[in-house]
Amino acid sequence: MGVNSLMVGIPVLITQLMLQWVEARKPKNVFVFIFIVSFIPALLSTLIVLTLALLLMTWAGSQLPFGVSWELLAFAPLVMLPEAFINGMIISGLVVYYPEWVITFNEKRYYHK
């Protein structure tokens, strides 16, 4: 398994686990779905993948040109928040205008009483 497949597999795994957690509780609020299935997994995935990449670079012995690679973790919020915001915004738009496009979204549960 290559490193790139780990960098893709980890966000997919985190999102799938969060989706299963939401489906087990069956909330009636669409904002719970949007926030927990798109916003939070993006935050966690970005942090975990960034940390894993820094661990792999340290383990491989490669140094970044500007110094210690662990200083990059201080900039993690600058990457995490826009990633989560864009994911939440896209899922919000899709859930409102094209709910049939989001295969994990249960339209009957959230929109019909």
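For Met7, the side-chain contact (heavy atoms from CB on, under 4.5 Å) criterion is met by Val3, Val49, Leu52, Ala53, Leu56, not counting sequence neighbours. Checked against ring-ring contact (aromatic ring centres under 6.0 Å, His included), Phe39 has the following partners two or more places apart in sequence or in another chain: Phe35. Under the ring-ring contact (aromatic ring centres under 6.0 Å, His included) criterion, Phe75 pairs with no residue at all, not counting sequence neighbours.
Of all non-hydrogen atoms in Val37 and Thr15, the two that sit nearest each other are O-CG2, 3.9 Å. Residues Trp101 and Leu94 approach most closely at CE3-CD2, 3.5 Å, considering heavy atoms. Residues Pro77 and Pro82 share a closest heavy-atom pair of O-CD, 4.0 Å. When all heavy atoms of Ala84 and Ala42 are compared, the closest pair comes out as CA-CB, 3.6 Å.
Contact of the Phe31 side chain with the Ile36 side chain is not registered, since no non-hydrogen atoms from C-beta on lie closer than 4.5 Å. Counting heavy atoms from C-beta on, the side chains of Phe33 and Pro27 never come closer than 4.5 Å.
To the nearest 0.5 Å, the span separating CE on Met18 from CG on Leu13 amounts to 12.0 Å. If you take CD1 on Ile14 and CG on Leu43, they are separated by 10.5 Å, rounding to the nearest 0.5 Å. Atom CD of Gln20 is separated from atom OG1 of Thr104 by 11.5 Å, given to the nearest 0.5 angstrom. Atom CG of residue Asn87 and atom OG of residue Ser45 lie 8.5 Å apart, to the nearest 0.5 angstrom. Between atom CD of residue Glu23 and atom CD of residue Gln16 there is a gap of 9.5 Å, rounded to the nearest 0.5 Å. Distance check, rounded to the nearest 0.5 Å: OG1 of Thr51 to CD1 of Ile10 gives 10.0 Å.
Ile40 and Val79 fall into different hydrophobic clusters, defined by Ile, Leu, Val, Met, Phe, Trp and Tyr side-chain heavy atoms under 4.5 Å apart, directly or through other members. One hydrophobic cluster, built from ILVMFWY side chains closer than 4.5 Å, cannot hold both Ile86 and Val8; they sit in different ones. At a threshold of 4.5 Å between side-chain heavy atoms, the hydrophobic network of Ile, Leu, Val, Met, Phe, Trp and Tyr places Ile91 and Trp21 in one connected group. Residues Val96 and Ile34 share a hydrophobic cluster, clusters being chains of Ile/Leu/Val/Met/Phe/Trp/Tyr side chains in contact below 4.5 Å. Connection of Leu17 to Val32 is not established within any shared hydrophobic cluster, with ILVMFWY side chains joined at heavy-atom distances below 4.5 Å, either directly or through further cluster members.
Aromatic ring orientation, Tyr110 versus Phe105: parallel (interplanar angle below 30°, classes split at 30° and 60°).
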